[in-house]
Every structure is written in structure tokens, then in C-alpha cells.
Amino acid sequence: MSYDHQRIDKKWQSAWEKAGIFHAKDEDSREKFYALVEFPYPSGAGLHVGHPRSYTAMDVIARKKRMEGKNVLFPMGWDAFGLPAENYAIKTGVHPAITTKENINTFRRQLQSIGFSFDWSREFSTTDPAYYKWTQWMFLQFFKAGLAYKAKAMINWCPKDKCGLANEEVIGGNCERCGTPVEKREKEQWMIAITKYADRLLADLDTVDYLPKIKKQQQDWIGRSEGAEIDFDDIKVFTTRPDTILGATFVVLAPEHPMVGALTTDGCRAEVEEYIALVSKKTDIERGDDTKEKTGVFTGSFVVNPANNEKVPVWIADYVVVNYGTGAIMAVPEHDERDHAFAEKYDLPIVDRPLLSFDEALKKTGGRKKVTYKLRDWVFSRQRYWGEPIPLVHCEDCASTGSAPDGWVAVPDEDLPVLLPDVKKYEPTDNGESPLSSIKSFVNTKCPKCGGAATRETDTMPNWAGSSWYFLRYIDPKNDEAFASKEKLKHWMPVDVYNGGMEHTTLHLLYSRFWNKFLFDQGFVTTSEPYARRHSHGLIMADDGTKMSKSKGNVVNPDDIVAEFGADTFRMYIMFMGPFEEPVPWSTNGVVGVRRFLDRVARLPEMIAETENASVTKVLHKTIAKVTKDIDDFSFNTAVAAYMAFVNVVYASGRVTKQTVVQFLMLLAPFAPHLANELYETIGGTGFAEVQPWPVSNATLAADDELTIAVQVNGKLRGSIVVSADMNEADLIVAAKAEPNVAKYVIDEPKKTIVVKGKIVNFVV
RNA sequence: GCCGUGGUGGCGGAAUGGUAUACGCGACGGACUCAAAAUCCGUUCCCCGCAAGGGGUUGAGGGUUCGAGUCCCUCCCGCGGCACCA
């Protein structure tokens, strides 16, 4: 009998839905377990095979935890603000809300067809006004705490998306979304002071269980370095090597440094202005290219090196960046490669002077210890339509009376959400204004504070806003009084295991940790860290090892695999294809292999007998132990291999007891839940597999009574002997020596005999 | 350039310092069949050998160890992150 996957998949999916067995209960005496996957952006292309890799892994874990008696929360929702829906609207005129709704329906249908055990009763989208009401409310908490501020700053600007970007959204000098090289633009932007949390975001990594590479990447991104700030007259420089200060023969400012104008002498002004104009035209990539020759220009001014009172010239060069340290450096050509190259090119002195100690240098110069971070504040404004409106009003009157500093007034809580208005045109503008700015009825409003005429902020939030706190909303998704009740937060947080892509390590993962910490400080959430454990999955590549892409036409659609081979085959193959953290190529042949395995499983009921070989019982208990451990370790591929090995043993033996089959089906249920339920029902089981207890390995039954011991001579394998497991060491050595082939090599008494229990006897002769 | 990570059959991959190549794919052979498919059973790292057995093999070269895919050193290649961050 080969199994009819289409019938079975549907049957059990609707049975689960009807019984509501995946609904997490807020009041429950069982221990809670919160399993989280990154919620998807519901794109028009539908689900990609990459999505289910993460979802299947966490579904396996969630299903196992339920069988182990945990109260599991495993939710799903939609991160639906973002550019593709907006760009589609520009092309077709269809409102993003409509496309988003359609795409969500497609995604939901696809996810349900794979049989994920999500609690659909908690589903929401970040674009729901009932949700973004709280995103806006949280932004106002940042604003009220002084952490959200509007500032004129050089920001990253994507000329294609016509939108400002956060530093985290610039990948290798290119726009994270579209790959276009970013430009620098000076713009007034809402910023959030994530840098105030730099030290805690770094230090608290010690309190969480993240993959080491994830921690490392966050540490590098935060980029803490200890050094000193030292005054060369009015110029403050930052250095990690104050000990080298006697060799500092010039000072370099970044071209954007505020003191450049004042320091430039009339004689040098034309040249300096020309240089600054030249630099401002460069993209980040051009400027960051350290293989190119360094360029710079002399300001005409000199300052005093406080360590030796020597006059040193002040230069401007774009190898110094304005927003790190103080934007100014002391150049020590003798100790720094870059300074050396620059000094050689412009014929500046290179001197070898003795080193001071760190403290000596500070004392001599009046310098201060200083810690600097590479992390920058979060650029939070976007000049696009399809995002949460920033809930602030600008009032000139309040600005002039001083009742609202800079005139920015928060929209009162009772007026939230500030709804996204309908527009006719979605096009972003070249002048960097949001499309919302052309809607008079939205822009013109009354000041909540003084009642006078005022205008709304027209920038929207980045798509990272809604995803920064969604894990909190799942806990209490229908609450209208708060984003989530304190009691429920206390019950469910933190997330026990969170899986997602490495590409979010310095974006979503960092932002949401920060966001949660802020809410914690304000007393709104109960844990300082949102995720106790973080894991990540590798990309699924096309069968030729390249990235799947629509343009190459090598994208695998999960629908096709589910329809042809069944949901369980799809799930198990995705888990079997390779180590979970590594990128792996898709192989349709591999899918066929897993389907063959499930066909073999489907025939197990035909082999049921009154008794079974001891080898079958033994391998069952070994398999239970291995699979249990492998799932906990995210080692899903070897768990699947263990299932296959078990079935191979049963086939070789030809018979198996019903009891063993039931145990095996329960063990299989997290990976292949539809087939496990069907077969369980076929052999007379009652109730869902999902509510059966997780099988327990019996160590006595799993133990071997006979062992194969490898016998080595000088570390080289010369034979093997089968002995009873309880044989003592002396007898074992005698038996090993007696092995005929070994005896040829071991004639005299061995110099040394090494016995590795249960594995090896090694004679050194 | 710096940091991290990896390199194992024809392919995807497995292996707490202890029998390298589990499991799957592919290939080959057999059974079943009028035949094919499906299924079931075998074989499948390389070399020598009828066999017993022997030799070699985890990117290259050294080392530590009774024993190294695993640990250490040097080098080569792939992937990821950061990238003039002072």
C-alpha cells in the first residue's frame, strides 16, 4: 500500500483545525514554551522554499515540546509594511492594502498546506490599525523619554527607492533591498538613540544563548573600543593608542568636521572647498575603497601636540570618517599604516619616538579615557507611503512659546492610531518628501496641545518598526487596552527559542533587542532580553548551488512539491537535505528518496506481528534516544537518518510488534504528522498523535548485550572480535590477542595495551 | 586587509581524540513480471590479490599521541561578516 498523501494531508489538517489543538492556553499549569519563527513579508511571489526551512524546524520542536507535556505558544503573523506592495501600487494603482490582503491569503493557504502547527487564532499583520496603533504608541514612548529626536544628519540615501536608510540597511555600500549604491544626503530625520543602549546590548549577550557567530556579529557591529580623547588645542581627537602620541606629526579632520571652515586659512580656502566638493560626490563604496591612494588637503592651520608642545599641521582627508570617534585623529605615521601612506604622499614628517604608557600619556596631555562604539543612532524616518505614520504634530505656536521644544507635539494616546490616509499617487518624490506630504487633509490638523493650526509629520516608520515588538503582541493579540497585559507577558516571556536568518543579525535582531530593553526600562515588559535562545538556518540554494531567483527561473515552489509528494515528504526532505545552519542545494532526487522512505513507513502496519526480534526493540530505543537529542540540538538531518535506519532494521527482520510501531509513529509525528496520525488511526490508535506522550528510551532495552570490539596493533586495525558486553578487561585482552590475524602481529608481550571501553583494544608492540 | 567558518566517495552529507565514508541520491547486479514501472534483496572510496589478506585515502605539508577527519603549526582554496573605525 502506497499512501494517498493528498487525502491524508487534508484530512488531518482539517481535523487539527476543527479540534483547535494548537491553540496555546494563557492559563495553564503546564510549563510554558514559546517557540518563535521570523514572520514573513507576504510578497506577491508567494512562499519560497526558504521560508519552510525555518518553520519546519521550529514546528518539529514545537510539536515535540507539546508531546513532552509543555504548553506551547507557536504563533504566526505578517510583517506586511514595505516597499514591494508600494512599488506594485505605483505600477498598477492597486492599493497596497489590497495586494497585502491577497498575498496574506496565499501565504496562509500555503503554510496550512504544509501542516505547520501554528496557533492561527493569534494571527495579525503589522499593517492592521489595531496593531500599528501600538507601534505608534511605542514610538511616542521613545519620544517622551527623549530617545526619539529629529536631527539634520548626513544619511544614507537610496536613489532608486528614493528613501533614507539606516546604517544597518546599507550592505557593503549598497541598499539592502535593491542593491543600488547608496549616496549621502543631508536631511532632517527622526532618529532613535540606540547608541544609548550600546553597552547593554553588548554586555547582555552574555546572558543569552545565541549561536556564537550571531553574538560575534552583533559584537562587531556594536564595535566597542577603548581609547582616549585628547585635545590638540581646540581639536579633540580620539585614539586607541595614546601611548604613541610623541610620534603624532599632524592632525587629520574628516571633510565634514564642523571645525573645517574655521580652521581653513584664506590662502588654502579655494583648495579645501574644492576637495570637500569632490569628496561629497563620492559614494560610500568609492570612499571606503582603501586600495585607492589616499587624498587630502592642508587647511593652513597648525595646532599644538600637547605631549611635546610641537606645532603640527591640520589636514583634511576622507580616510577619516566624521561619525566615528570625534571625526578627528592624531596621525602617527610611524605606527599606523594609513597615516604612513598619507605622510609619504604629502611629504609629512615620519618620526620614531619612544612610547609612553597609557596613563602617562593621559597625564601629560590632559586626555580623558573614552569608549567609542561603531554603532550609530537608528535613522527612523522613511519617505514612503506604505508604513506606519509617525504620530507627531508640528506646532509653530508651541515652538515659539516653548511649551513644546522644537514644536513637536505627540498625538494623544486616545487619538491613536494615526491612520494611513488614502492617496491617489504613491510615487516617492525626488526632493525627499513623503507622498503623504501632498495630502492636505492629512497634513493640516490641530495642535493637540494648544488647539491652534498645526501640521503632521509626513515621514513613515521603517519596516523594522513593526517587527521590533511583534513577539509581544502574539501573547495578547486582541488586547485594546494595552499592547499586551502584564500578567500574560510575565507568563510567556521570554521567547524560549527563536529561529531566523543570519541576514537579520544586525537588523531586526539588534533592533528588537533594543526595543524590548527600552520597554523593560519603562516598566512595560518583564524581561530585559526578549529571546533566551537564538538559532539560525542556512539558505536553500538552487540545485546548481546558486541562489534561487525569479529571473533565473530556478525557484522551487513549495506548492508543487506538496501536491506531488505530500506535505510530510516536503517537511522531512527539508530537514534531511543537510545541516540546518548550512546553505544546501535543492535536489528533487533527494525528495524522491524521502518519499520512498515514507512509503516504507506506510507499509509498516503490514508487518505487525505478535513478537519481534530483539534487534528491533533495541534499535527502537536507540532511535528514540538519538532523535530526542538531535531535535534538541537542531541536528534534524541526522534525526531523519536515524528514522531511516530504524525502518531498514524492521524490514530486514520482517516483523514488528504493534507497540513498537506506535512508539515509532509518535517519534515520527513531529516531522511527518499527517502520516503518523493516519497510520496510528489505521492500527487502532485513538486520539491525535499530537496529544500522545513523547516516547521514552529505555536504557536497558537500548543496551547491546554483544559488542564488536576493534582490535588494533600499533593503532592499525587488524581484526575485530564479538564479545559479550559485560566481559571484563582481562578476558577481553585475552580474546583480542587470540584473534588469528592479530596473533600474527602480537608475538611477544605487548609494550602497552590500551582498552577503550566498548570500542577498541590496541596493542603497542 | 582583519575576524569568523568550512574543505570527507560520482553527488547531498555522517562521525564525544577510538573500526572514516552512517543515512539518502546515483550506478550496477538479482528476485518478482509476458514486459516495463513500482517494490523487495544485494554490491558500490581507491590500488594489489582467486581468496585470506595487504597497502593507500578526509585540500597540501609538518607536528603532538598507543591512536588524528577531529588537537597544534605553515600554506592553498571556498563561503560569511566587517572594511581607511584611528
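Remark: the backbone N or O of A:Gly247 is not paired with any side-chain donor or acceptor of A:Arg353 at under 3.5 angstrom. Checking side-chain atoms of A:Asn728 against main-chain N and O of A:Ala730 turns up a donor-acceptor pair under 3.5 Å.
When the C1' atom is compared between B:C28 and B:U19, the two are found 27 Å apart, to the nearest whole Å. Distance check on atom P: B:G67 versus B:C75 gives 27 Å, rounded to whole Å. Nucleotides B:C47 and B:U57 are separated by 15 Å at their P atoms, to the nearest Å. Comparing the P positions of B:G59 and B:U70 gives an interatomic distance of 8 Å, to the nearest angstrom. The C1' atoms of B:U8 and B:A35 are separated by 42 Å, rounded to the nearest whole Å. Using C1' as the reference atom, B:G12 and B:A51 are 36 Å apart when rounded to the nearest Å. For the C1' atoms, the distance linking B:G24 with B:G9 amounts to 14 Å, nearest Å. Across B:U16 and B:A31, the matching C1' atoms stand 42 Å from one another, rounded to whole Å.
For A:Tyr324, a side-chain nitrogen or oxygen approaches OP1 or OP2 of B:A86 to under 4.0 Å. An OP1 or OP2 oxygen of B:G67 is reached within less than 4.0 angstrom by no side-chain nitrogen or oxygen of A:Arg718. Distances shorter than 4.0 Å separate some side-chain N or O of A:Arg603 from OP1 or OP2 on B:C40. Not one side-chain nitrogen or oxygen of A:Lys547 sits closer than 4.0 Å to the OP1 or OP2 atom of B:G80. Considering only side-chain N and O atoms, A:Lys752 lies under 4.0 angstrom from the phosphate OP1 or OP2 of B:C66. Considering only side-chain N and O atoms, A:Tyr745 lies under 4.0 angstrom from the phosphate OP1 or OP2 of B:G54.
Side chain to side chain, A:Trp464 and A:Glu169 meet the donor-acceptor criterion of an N or O pair below 3.5 Å. Side-chain contact of A:Gln218 with A:Arg513: a donor-acceptor pair under 3.5 Å is present, judged by distance alone. In summary, the side chains of A:Thr623 and A:Tyr643 do not present any donor paired with an acceptor at a separation below 3.5 Å, with no hydrogens or angles considered.
Atom CZ of A:Arg376 and atom C1' of B:C82 are 12 Å apart (whole Å). Separating the NZ atom of A:Lys622 from the P atom of B:C23 is a distance of 14 Å, rounded to the nearest angstrom. A:Asp543 places its CG atom 13 Å from the C1' atom of B:C25, with the value rounded to the nearest Å. Look at CD1 on A:Ile709: it is 15 Å from P on B:G18, rounded to the nearest Å. Rounded to whole Å, atom P of B:U5 lies 12 Å from atom CG of A:Asp220. Summarising the geometry, the separation between CD on A:Glu168 and P on B:A83 is reported as 11 Å, rounded to the nearest angstrom. Following rounding to the nearest Å, A:Glu503 (CD) and B:G81 (P) show an atom-to-atom distance of 10 Å. Straight-line distance from the CG atom of A:Asn648 to the P atom of B:U39: 14 Å, rounded to whole Å.
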Query raised in the report: Given A:Tyr573 and A:Trp586, is the ring pair (Phe, Tyr, Trp, His ring centres under 6.0 Å) satisfied, shown in steps?
Result: CA-CA 10 Å; A:Tyr573 171 64; A:Trp586 180 267; 5.0 Å; yes

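Heavy atoms of A:Gln712 sit under 4.0 angstrom from at least one base atom. Using a 4.0 Å heavy-atom distance criterion, A:Tyr643 is classed as making no nucleic acid contact. Among the atoms of the strands shown, only primed sugar atoms or phosphate atoms (P, OP1, OP2) are found under 4.0 Å from some heavy atom of A:Asn741. Base contact: A:Val320 has a heavy atom under 4.0 Å from a base atom. Residue A:Pro212 is out of contact with every strand shown, counting any heavy-atom pair closer than 4.0 Å. Within the nucleic acid shown, A:Thr240 comes within 4.0 Å of sugar-phosphate atoms alone, with no base atom in reach, counting heavy atoms only. Across all strands shown, A:Asp339 has no heavy atoms under 4.0 Å from either base or sugar-phosphate atoms. Among the heavy atoms of the strands lying under 4.0 Å from A:Lys716 are primed sugar atoms or P, OP1, OP2 only; no base atom is included.
Under the Watson-Crick or G-U wobble criterion, with both distances below 3.5 Å, B:C71 is paired with B:G63. Pair check for B:C79 finds B:G4; Watson-Crick or G-U wobble, both atom distances under 3.5 Å. With a 3.5 Å ceiling on both atom-pair distances, B:G9 lacks any Watson-Crick or G-U wobble partner. When Watson-Crick and G-U wobble pairs are counted only if both distances are under 3.5 Å, B:A36 pairs with no nucleotide at all. Checking B:G26 for Watson-Crick or G-U wobble geometry (two distances, each under 3.5 Å) identifies B:U44 as its partner.
In terms of position along RNA chain B, the nucleotide closest to A:Pro579 lies nearer the 5' end than the nucleotide closest to the other residue of the pair A:Ala328 and A:Pro579. The nearest heavy atom of RNA chain B to A:Ala652 and to A:Pro583 marks one nucleotide each, and the one closer to the 5' end goes with A:Pro583.
When each of B:G13, B:U19, B:G4 is scored by its nearest atom to the side-chain atoms of A:Thr708, the top-ranked nucleotide is B:U19. Listed candidates were B:C41, B:G24, B:A86. Nearest to the side chain of A:Tyr651 is B:C41. Of the candidate nucleotides B:C41, B:C3, B:G13, B:C41 has the atom lying nearest to any side-chain atom of A:Arg600.
Ion pairing between A:Asp704 and A:Lys622 holds under the 4.0 Å rule for side-chain N and carboxylate O. Between A:Asp599 and A:Arg603, no side-chain nitrogen of the basic residue sits less than 4.0 Å from a carboxylate oxygen of the acidic one, so the salt-bridge criterion is not met.
Ring geometry for A:Phe342 against A:Tyr346 counts as tilted: the plane angle lies between 30° and 60°, on a 0 to 90° scale. The aromatic rings of A:His535 and A:Phe634 sit parallel, their planes meeting at an angle under 30°, below the 60° perpendicular limit. Between A:Phe671 and A:Phe636, the two ring planes are perpendicular [angle over 60°; tilted spans 30° to 60°]. Ring geometry, A:His537 versus A:Phe580: the interplanar angle falls from 30° to 60°, so the pair is classed tilted.
Contacts between residues 757-765 of chain A and RNA chain B, counted as heavy-atom distances below 4.0 Å, involve A:Lys759, A:Ile760, A:Asn762, A:Val764. Heavy-atom distances under 4.0 Å link RNA chain B to A:Asn637, A:Thr638, A:Ala641 of residues 623-642 of chain A, given in residue order.
In textbook terms, a nucleotide whose glycosidic angle is within 90° of 0 is syn, and B:G9 is one such case.
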Contacts table for residues 754-765 of chain A: side-chain donor-acceptor under 3.5 angstrom, sequence neighbours left out:
| from | atom 1 | to | atom 2 | distance (Å) |
| --- | --- | --- | --- | --- |
| A:Asn762 | OD1 | A:Asn714 | N | 3.4 |
| A:Asn762 | OD1 | A:Gly715 | N | 2.9 |

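Both cation-pi conditions hold for A:Arg718 and A:Tyr745: the charged atom is under 6.0 angstrom from the six-membered ring centre and inside a 45 degree cone around its axis.
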